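Here is the naming used below: chain letters follow the sequence lines, and residue numbers restart at 1 for every chain. The model shown is predicted, which means the values in this text are computed figures rather than measured ones.
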Amino acid sequence: MLNYVIKRIAIAIPTLLILIVISFVLMHAAPGGPFNSEKPLPPQVLANIEAKYGLDQPLWKQMVNYVVGLVTEFDMGPSFKYKDRSVNEIIAQGFPITITYGVLSFIVAVTVGVSLGAIAAIRQNTWIDYLAVGISIGAQVLPNFVMAPLLVLTFTLWLGWLPGGGWNGGQWQYLIMPVIALSTSYMASIARITRSSMLEVLNTNYIRTATAKGLPAKTIFFRHALKPAMLPVISYLGPAFVGMITGSVVIDMYFSTGGMGQFFVNSALTRDYSVMMGITILIGLLTIMFNLVVDLLYAWIDPKIRY
Amino acid sequence: MSHFAKSLAAGAFAASLTASFAYAAGTHPVTGEALADEQIFTYRVLDEHSSVDPQIVEDVSGSEIVRDLFEGLYNQDADGNLVPGVALSHELSEDKLTYTFTLRPEAKWSDGNPVTAGDFEYAWKRLADPELASPYQWFIEVMGLKNGGAVMAGEMGLDDLGVKALDDHTLEVQLEVPLSYFPLTTTHASTFPSPKWVIDEFGEEWTKPENIVSNGAYVLTEHVPQERSVRSRNEMYWNNENTIIEQTIALVINDENTALTRYLAGELDRTEVPTGQYPRLAEEYPDEALSFPRLCSYYYTFNLSDSGPEAFKDVRVRQALSYAIDRSIITDNVLQGGQYEAFTFTPGATANFEVPEVAFGQMTQAERDAKAQELLAEAGYGPDNPLSFSMIYNTSEGHKKIAIAMSQMWKQKLGVEVELGNMEWQVFLEERGNQNFELARGAWCGDYNEASTFLDLVQSGSGYNDGKYSNAEVDQLLADAKTSEDPSANYTRVEQIIAEEMPIIPIYHYTNVYMMNPALKGSWPVQNVEQNWYSKDLYFTAD
């Protein structure tokens, strides 16, 4: 087991390096640059700026400098667009915001999703099942860019209960709508996956045996059915969790939370190379990490899996 | 050598200084209006500001913040006239090359240090310094400071720049050539003073709320990137007694519809009106919906370089295409925000600019359409030989609507086939900048309130002239205008030449379309197209 973990971490390093190289090349291959605008800068001014940020050097050298800075000092460089901030600062400020509403959404999505799916499976083909499936399909087809304005319209404009956006240090009133908007579609997917995998498990021989033995339904469900039924859900949750905590563009834009999704998209549009790189690396790192966590959880849940 | 003094202090201004302060009673000292208990101004910005360092800031929303945090030599009143800031007045030498500013002795930084002429000298040299590499470094050349170009290029030392503190309260500025608009440039954010001792201590970190020291009516107290920035009253400001707004909060809200919803929910005091919604809002909220001119032009430019299509080299084709655009449909039916139809490049709202009566602007649309058909036929295009070309714009709903309307007008009236192409912003800039287009969208906002900020675009050497239009007479007229006492005749002539030769198709002149809390009073500069507003001049009345 330990060997496996070490091996996986060792593989992560070249993976990240490849990610950096590919992103770097793609980023610089895109037309334009961070200092282009409707009013092009005079050549002298542009030359001064490019010299300051080292953009006048050959690409391979920029890349080497970047990796060296990253490895030795954990320095992701200055932002080209927000000139008095470094990428480290931008991530340090935006990431906690995104994590907060991401983790909350994750908890909501998993709790509600798994419950809905499980109930639907246990009461298959009853009105409860239809209702649960109906809710999850409804939540799935309602994308968050539709959900968000509907929530604001209802809770801000009509009822006047909640602020229409902002973060304000993460007060609870500011969290409710982003969490609902972000969690619904994840919740729907989790509910559907749970339902189908639970149905499969409930129809296996060992559950039938347990029922025939006269075990109480509660014991069968929690002791014997839930754990194996969770396997497909968990493989879905790994990437979903990373997606949630690294920020949703729609949520960040719509609710103006100040989270990372906004920076990520804006950096791509304005060619703010260093911010784009920094967030890409962070997302890459988290994805690798949580895939590992998911694999380890697998082994814990399913004794058949060995590393 | 005779000097002539120019005093800028207005009577009302002086009176307000000596007026007794009566805020405790909740009334405005000059107008006597009842003031609201809470004086917090919250407004929406589209995007996170680039910086609050005066010499680095390059965007509109950042400059708005910097104008509150720092104070330059002069400020502007609601009509755009100069009023004293840190400078009380200035004298101009007879050769019009040397300005001597007298600074206010009581001005202080937020840490209590006095604001001196040296702070300005330091700031301007900092702006010119190639090492700082400010994106607004070129403003040194707009200001016309002596040796500006050479210092920017690193060929001369910073000490050769034409700015010098004679003593703590006297600043001497030397120009390359006489520039009548020079005092106006001192209201620009990049000319504001900076505190050397703070920059030396904190380096690039000096603009963080915990480090920043500023000399304006406000200090930066909070900043959450992409969410909000808060500026609060500066107790050390020389005119703090007359500042009424306690706090100004800028909220970053990318989506204008979201912003409008939040405005209607009472979370904001000011926001922009989304395209097409102004007529409805003006009817529903007549006290709150505002539309007023802005110093910006929307146009399309022909590619007149060698890589451009042959057809556009014929002036009749260019005229025909411009004539056939019914601009009123675009302003009244597409945009619906009170925008102005444009027949000249420079907006009519520009200071000292009289919109010349260009011939095609005087015709009715029916006459223009008839003339367009005639011109295109003369140029040899018709049903058997239809004109076809492509036009590009950057991806945006609004630009798309306008492009579709234009291509439809051309198709219906002239039988012209147009291929529309939209591109992501950076790609668009790259293609247009490399003359990789036939007809391309453009928009231009003035850097200062003078026609040359627009017309420089048609100068053949200009880096902004993506269509590569070149006319020796235009170049000469613009070069002469730089040093002329009254250049307005030159500008009029250039506009007439543009209307005849039509290197660009002017479409409309922008407006600012706002929803604004009716209790917000003071001098919101609706008359000043540059929109240089200062929180210190605003207040909320009790309603």
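Counting heavy-atom pairs closer than 4.5 Å to chain B, the top-ranked of the candidates A:Asn266, A:Val152, A:Ile90 is A:Asn266. Note: B:Met152 leads B:Met152, B:Glu204, B:Glu222 in heavy-atom pairs under 4.5 Å with chain A. Of the residues considered (B:Ala153, B:Gly62, B:Ala265, B:Ala259), B:Ala153 shows the highest number of contacts with chain A, using heavy-atom pairs under 4.5 Å. Chosen from B:Arg262, B:Arg432, B:Glu430, the residue pairing most often with chain A at heavy-atom distances under 4.5 Å is B:Arg262. Between chain A and the residues B:Asp255, B:Leu429, B:Leu457, B:Asp47, the largest count of heavy-atom pairs under 4.5 Å involves B:Leu429.
The contact between B:Glu424 and chain A is made entirely by side chain atoms (from C-beta outward), counting heavy-atom distances below 4.5 Å. For B:Leu251, no part sits under 4.5 Å from any heavy atom of chain A, backbone or side chain. Residue contact with chain A, scored on non-hydrogen atoms closer than 4.5 Å, is absent for B:Glu141. Interface remark: A:Thr156 contributes backbone and side-chain atoms alike to the contact with chain B (heavy atom separation under 4.5 Å). When heavy atoms are compared at a cutoff of 4.5 Å, A:Leu41 approaches chain B solely by way of its side chain, counted from C-beta outward. Proximity to chain B (any heavy atom under 4.5 Å) is shown, for A:Pro149, by neither the backbone nor the side chain. For B:Val52, the parts lying under 4.5 angstrom from a heavy atom of chain A are both the backbone and the side chain. In this structure, no portion of B:Glu431 lies under 4.5 Å from any heavy atom of chain A. In this structure, chain A has heavy atoms under 4.5 Å from both the backbone and the side chain of B:Trp138. In this structure, the portion of A:Lys52 lying under 4.5 Å from any heavy atom of chain B is its side chain and not its backbone. Using a 4.5 Å cut-off between heavy atoms, B:Trp444 contacts chain A through its side chain alone, with no backbone atom that close. Residue contact with chain B, scored on non-hydrogen atoms closer than 4.5 Å, is absent for A:Leu46. Using a 4.5 Å cut-off between heavy atoms, B:Glu267 touches chain A through its side chain atoms alone.
Inspection of the B:Gln426 and A:Arg271 side chains reveals no N or O donor paired with an N or O acceptor under 3.5 Å. Side-chain atoms of B:Gln277 and B:Asn257 form a donor-acceptor pair, as typed in the model, at a separation below 3.5 Å. Side-chain contact check for A:Ser79 and A:Asp272: at least one donor-acceptor pair (N or O, by modelled atom type) lies under 3.5 Å. For the 3.5 Å distance criterion, the side chains of B:Gln55 and B:Asp129 fail to qualify, holding no donor opposite an acceptor. Residues A:Tyr82 and A:Glu89 have side chains that never bring a donor and an acceptor to within less than 3.5 angstrom of each other. Side-chain polar atoms of B:Asp59 and B:Ser61 form a donor-acceptor pair below 3.5 angstrom. B:Ser462 and B:Asp456 form no side-chain donor-acceptor contact under 3.5 Å, judged by distance and modelled atom types alone. Side-chain atoms of B:Trp425 and A:Asn36 include no donor-acceptor pair closer than 3.5 Å. One side chain, A:Gln262 or B:Asn254, offers a donor N or O that lies under 3.5 Å from an acceptor on the other.
Within residues 274-283 of chain A, no residue has any heavy atom closer than 4.5 Å to a heavy atom of chain B. Inspection of non-hydrogen atoms places A:Pro31, A:Gly32, A:Gly33 of residues 17-35 of chain A under 4.5 Å from chain B.
Below 30°, between 30° and 60°, or above 60°: for B:Tyr43 and B:Phe41 the angle between ring planes is below 30°, a parallel geometry. Ring geometry, B:His399 versus B:Tyr298: the interplanar angle falls from 30° to 60°, so the pair is classed tilted. Between A:Phe80 and A:Tyr273, the ring-plane angle classifies as perpendicular under the 30° and 60° cut-offs.
Put simply, the side chain of A:Leu159 reaches to within 4.5 Å of the side chain of A:Thr154, judged on heavy atoms. Residues A:Trp158 and A:Leu153 are in side-chain contact: their nearest non-hydrogen atoms beyond the backbone lie under 4.5 Å apart. With contacts defined as side-chain heavy-atom distances shorter than 4.5 Å, the pair B:Phe202/B:Lys208 does not qualify.
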Going by atom type alone, with no hydrogens or angles, which donor-acceptor pairs under 3.5 Å involve a side-chain atom of residues 164-183 of chain A and a protein atom two or more places apart or on another chain?
residue  : atom : partner  : partner atom : Å
A:Asn168 : ND2  : A:Tyr174 : OH           : 3.0
A:Ser183 : OG   : A:Val179 : O            : 2.7
A:Ser183 : OG   : A:Ile180 : O            : 3.4

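Under the 3.5 Å distance criterion, the side-chain polar atoms of A:Ser256 are matched with a main-chain donor or acceptor of B:Val252.
Every residue two or more places apart in sequence or in another chain that forms a side-chain contact (heavy atoms from CB on, under 4.5 Å) with B:Glu272 is listed here: B:Arg44, B:Arg270, B:Tyr514.
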